[in-house]
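Heads up: numbering here begins at 1 and tracks the sequence. The structure presented is a predicted model; accordingly, all values stated were derived computationally and were not measured.
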Amino acid sequence: MNRIPPVLDRALRGVHRRDRRLAVSARALAAFTAGLLGLTAAVLLDALARLPPGGRAAVQALAWAFAAAVPLLLVHAARRLRYRPDRVALQVQERTAIPAGRLINAVDLAT
């Protein structure tokens, strides 16, 4: 099995790192926004419905569960976006003016 030339591999890894960082930060922002909305909803629910102590404890438990789940989901999202040269080459090819199939074929031939 051949290997991808180091120059091409380095360039593809750089593109992958930037894309991964962007995707994970977008998910982190969405999770933070959802957390703020959930906290606002919990406070409004408590204020409008005048929850008994058991209801308040349930809302707090849900908030803590969500707070614990967010980092786990972000780690899962980051691990799911693993480096695959063919996938990154296809992304680069779609975003740039490289003629159809040239970069992805070069990567496929090298692997």
Side-chain angles (χ1 to χ4, degrees):
M1 179 158 88
N2 296 333
R3 298 196 57 164
I4 297 175
V7 173
L8 179 59
D9 188 51
R10 202 172 317 122
L12 290 176
R13 283 183 188 275
V15 169
H16 172 70
R17 268 193 304 275
R18 284 188 292 275
D19 281 355
R20 182 177 174 175
R21 202 174 302 135
L22 182 64
V24 170
S25 62
R27 287 185 176 112
L29 181 62
F32 179 73
T33 304
L36 283 179
L37 288 174
L39 181 62
T40 304
V43 169
L44 286 175
L45 179 67
D46 184 32
L48 294 176
R50 294 196 173 104
L51 294 174
R56 286 185 180 159
V59 168
Q60 281 184 345
L62 286 174
W64 281 108
F66 181 77
V70 167
L72 296 175
L73 292 173
L74 292 176
V75 168
H76 173 70
R79 288 184 57 104
R80 217 181 84 214
L81 297 171
R82 293 191 179 186
Y83 174 69
R84 288 192 358 231
D86 54 341
R87 186 175 57 87
V88 178
L90 185 61
Q91 288 176 350
V92 169
Q93 186 173 293
E94 289 173 351
R95 294 178 192 170
T96 59
I98 297 174
R102 299 222 30 208
L103 181 60
I104 191 69
N105 289 341
V107 170
D108 281 342
L109 285 174
T111 55

Quiz item: Roughly how far apart are R56 CZ and Q60 CD, rounded to 0.5 Å?
Solution: 9.0 Å

Practice problem: Enter the distance from D9:CG to H16:NE2 here, rounded to the nearest 0.5 Å. | Solution: 11.0 Å

Exercise. Report the distance from atom CZ of R13 to atom CZ of R18, rounding to the nearest 0.5 Å.
Key: 13.5 Å

Quiz item: What's the shortest heavy-atom distance between F66 and G35, and which atoms?
Solution: CE2-CA, 3.4 Å

Quiz prompt | Which atom of V70 lies closest to which atom of A31, heavy atoms considered | solution = CG1-CB, 3.6 Å

Quiz item: Is any side-chain heavy atom of R21 less than 4.5 Å from a side-chain heavy atom of R17?
Solution: yes

Quiz prompt | Shortest non-hydrogen separation from L12 to V88 and the atoms involved | solution = O-CG1, 3.4 Å

Quiz prompt | Spacing of CG belonging to L45 relative to CZ belonging to R50, to within rounding of 0.5 Å | solution = 12.5 Å

Quiz item: Between R10 and P6, is any pair of side-chain heavy atoms under 4.5 Å apart?
Solution: yes

Exercise. To the nearest 0.5 Å, tell me how far R20 CZ sits from R79 CZ.
Key: 8.5 Å

